[in-house]
Amino acid sequence: MPELPEVETFRLTFLHGTEEVPSLVGKRICRVSLLWEKTLETPSAEEFETRIKGQSILDLNRRGKYLLFNLTQDVLVIHLRMSGDLVVETHDDPIAKHHRLLIELDGGTRLAFNDTRKFGRVWLVRDSAPLLSHLGPEPLDEAFTSEVFCAMLHNLNRQIKPLLLDQHFIAGMGNIYTDEALFLAGTHPLTKSDSLSCDQAEKLWQAIHIVLTEGILRNGSSIDWVYRGGDFQNHFQVFRRTGEACYRCGTPIERIIVGNRSTHICPKCQPVPD
DNA sequence: CACGAGACCTGTTCGC
DNA sequence: TGCGAACAGGTCTCGT
């Protein structure tokens, strides 16, 4: 699940709280428990446990797909990768099968990092900037204009879908939102970036804004056996709709492989480039 | 530089 | 029913 809108949903949930989940802001970390060693990228498990203890959660930020917990001294950085999930529970809740890291807060609350496939990673750092320095622009940032986007596209001769998935190029797009944006823009995923006109680039820029904004509005997407309360999966135009009719023209949606990833297109609305 | 394949992991679904 | 193959929201590294 976790692409930009899903990570943003976690941020907003933990920042403001919801009917079911209390806000985590102001809570103090009293104990942590690392259940899968490799989940923690840095520092060592021993240093992590002693250093994080006693720090409070002051604020929550996001950069691309990274979730950032601003603590009293450090920043706790979490990347959910393919199957990561964050669950707020209580100290005496049973420890679920795929829990990898438990962060106990005072007041009896516990933040659990659950990650079936063990791809997710956690860092505790003084300064998050070096860790995030490889990331491209934030797609919803005001500085990321359609003119900037068009110039960036023309600098490279790359297939557009793998390029949008490349976090160095732009931060936060994943397989779902990329397929949805390319459909909305009427762009075939194999189109070379420098062959897009600025008109087409602007259309794609708008499509990216539309899908990310709607994704955030709908609290992200919840698919497969993992449910996180999001609703955007009920509004997919192409993603995982192979064989079903395109809502725009009725043509069956096709599944192809681009850059080693499943890709969903309407062959009529997204014609193959020359 | 651009691209594909393989690795990292566990679980579910598909096809015979 | 059983069993292996294919597939899954991400990212890194290597070879061509």
Side-chain angles (χ1 to χ4, degrees), chain A residues 1-10 35-42 62-67 77-86 96-101 113-123 131-136 139 152-182 189-196 211-212 214-216 218-243 254-264 273:
Chain A
M1 146 193 179
E3 301 180 31
L4 186 153
E6 288 75 30
V7 179
E8 180 66 8
T9 299
F10 278 124
L35 277 27
W36 179 254
E37 297 279 331
K38 292 172 81 174
T39 293
L40 179 63
E41 193 77 40
T42 193
R62 180 191 56 73
R63 179 76 172 90
K65 301 174 191 173
Y66 292 82
L67 184 60
V77 184
I78 299 183
H79 195 304
L80 275 0
R81 293 281 181 91
M82 289 286 265
S83 59
D85 191 10
L86 291 165
K97 188 172 180 190
H98 302 296
H99 278 5
R100 309 301 180 198
L101 174 66
F113 176 42
N114 185 286
D115 184 22
T116 305
R117 295 178 70 183
K118 299 176 174 173
F119 290 159
R121 291 293 179 266
V122 170
W123 300 256
L131 184 61
L132 308 173
S133 65
H134 67 287
L135 293 173
M152 287 168 61
L153 290 171
H154 288 173
N155 266 339
L156 299 161
N157 174 227
R158 299 263 305 271
Q159 298 166 348
I160 189 66
K161 170 157 179 180
L163 183 58
L164 293 179
L165 288 175
D166 186 339
Q167 304 298 300
H168 300 256
F169 181 73
I170 178 174
M173 298 290 286
N175 213 29
I176 295 176
Y177 295 91
T178 298
D179 278 7
E180 292 296 312
L182 288 171
L190 287 174
T191 311
K192 290 292 193 145
S193 56
D194 58 1
S195 77
L196 285 162
V211 297
L212 292 180
E214 193 184 346
I216 293 169
R218 298 190 182 282
N219 298 317
S221 315
S222 317
I223 56 180
D224 285 350
W225 69 97
V226 190
Y227 179 71
R228 293 179 181 79
D231 183 47
F232 191 57
Q233 70 279 6
N234 299 319
H235 302 268
F236 290 165
Q237 302 295 300
V238 288
F239 191 77
R240 295 213 192 166
R241 291 195 64 242
T242 310
E254 286 180 5
R255 175 179 175 273
I256 60 176
I257 303 295
V258 176
N260 272 332
R261 305 297 301 277
S262 256
T263 300
H264 310 79

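Each chain gets a letter, A, B and so on, in the order the sequences are listed, and its residues count up from 1.
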Is any side-chain N or O of A:R240 closer than 4.0 Å to OP1 or OP2 of C:dC7?
no
Ignoring hydrogens and angles, tell me if any N or O in the side chain of A:R100 forms a donor-acceptor pair with the backbone of A:D115 under 3.5 Å.
yes
Take atom CG of A:L131 and atom C1' of C:dT11, then tell me their distance rounded to the nearest Å.
13 Å
Describe, in one word, how the ring planes of A:H235 and A:F232 are oriented to each other, choosing from parallel (under 30°), tilted (30 to 60°) and perpendicular (over 60°).
parallel
Roughly how far apart, to the nearest Å, are C:dC7 and B:dG6 at atom P?
14 Å
A:Q167 side chain, from C-beta outward: closest of C:dT11, B:dA2, B:dT10
C:dT11
Side-chain atoms of A:H98 come closest, of B:dC3, C:dG10, B:dT10, to B:dT10
With heavy atoms under 4.0 Å as the rule, sort A:D115 into base, sugar-phosphate or nothing.
nothing
Whole angstrom value for the distance that separates P of B:dC1 from CG of A:D194
15 Å
Counting only side-chain nitrogens and oxygens, does A:K161 get under 4.0 Å of the OP1 or OP2 atom of B:dA2?
no
Is the phosphate of C:dG10 approached by A:H79 (side-chain N or O, under 4.0 Å from OP1 or OP2)?
no
Below 3.5 Å between N/O atoms, which protein atoms pair up with nucleotides 4-8 of chain B? Just atom names and distances, please.
from: B:dA5; atom 1: OP2; to: A:N260; atom 2: OD1; distance (Å): 3.1
from: B:dA5; atom 1: N7; to: A:N260; atom 2: ND2; distance (Å): 2.5

Rounding to an integer number of angstrom, what distance separates C:dC3 and B:dC8 when you compare their P atoms?
26 Å
Side-chain (A:D179) to main-chain (A:H264) donor-acceptor, under 3.5 angstrom
yes
In whole angstrom, give the distance that lies between atom CZ of A:R261 and atom P of C:dC12.
13 Å
Under a plain distance cut-off of 3.5 Å, with no hydrogens placed, do A:H99 and A:N114 share a side-chain donor-acceptor pair?
yes
Under 4.0 Å between a side-chain N/O of A:S262 and OP1 or OP2 of C:dA8, yes or no?
yes
So, does A:Q159 use its side chain to make a donor-acceptor pair with the main chain of A:V258 at under 3.5 Å?
no
Taking A:R81 for its side chain and A:P2 for its backbone only, find out whether a donor-acceptor pair lies under 3.5 Å.
no
Whole-Å gap separating P (C:dA8) and CD (A:E6):
16 Å
What is the distance from CH2 of A:W36 to C1' of B:dT10, rounded to the nearest Å?
11 Å
Show every side-chain hydrogen bond (donor to acceptor under 3.5 Å, both in side chains) that has at least one partner inside residues 164-175 of chain A, sequence neighbours left out.
A:R158-A:D166, A:K161-A:N175
Would the distance check show the side chain of A:S193 and the main-chain N or O of A:L156 forming a donor-acceptor pair, the cut-off being under 3.5 Å?
yes
Could you state the CE-C1' distance from A:M173 to C:dT11, rounded to the nearest angstrom?
16 Å
Looking at A:H168, does any N or O in its side chain come under 4.0 Å of the phosphate oxygens OP1/OP2 on C:dT11?
no
I'd like the C1' distance from B:dT10 over to C:dT1, given in whole Å.
23 Å
Annotated structure of DNA chain B as dot-bracket, pair cut-off 3.5 Å, Watson-Crick or G-U only, | for inter-strand, is .|||||||.|||||||
To the nearest Å, how far apart are A:L165 CG and C:dC12 C1'?
14 Å
Counting N and O atoms only, with roles assigned by atom type, does the side chain of A:H154 sit under 3.5 Å from a partner on the main chain of A:L196, one being a donor and the other an acceptor?
yes
Does A:S222 use its side chain to pair, donor to acceptor, with the backbone of A:G220 at less than 3.5 Å?
no
Mark yes or no for whether A:E180, through its side chain, and A:F239, through its backbone, hold a donor-acceptor pair below 3.5 Å.
yes
For A:L164 and C:dT11, what is the distance between atoms CG and C1' respectively, to the nearest whole Å?
16 Å
Could you check whether A:L156 gets within reach of a base, just the sugar-phosphate, or nothing at all, counting any heavy atom under 4.0 Å?
sugar-phosphate
N/O (side chain, A:K97) to phosphate O (OP1/OP2, B:dT10) under 4.0 Å
no
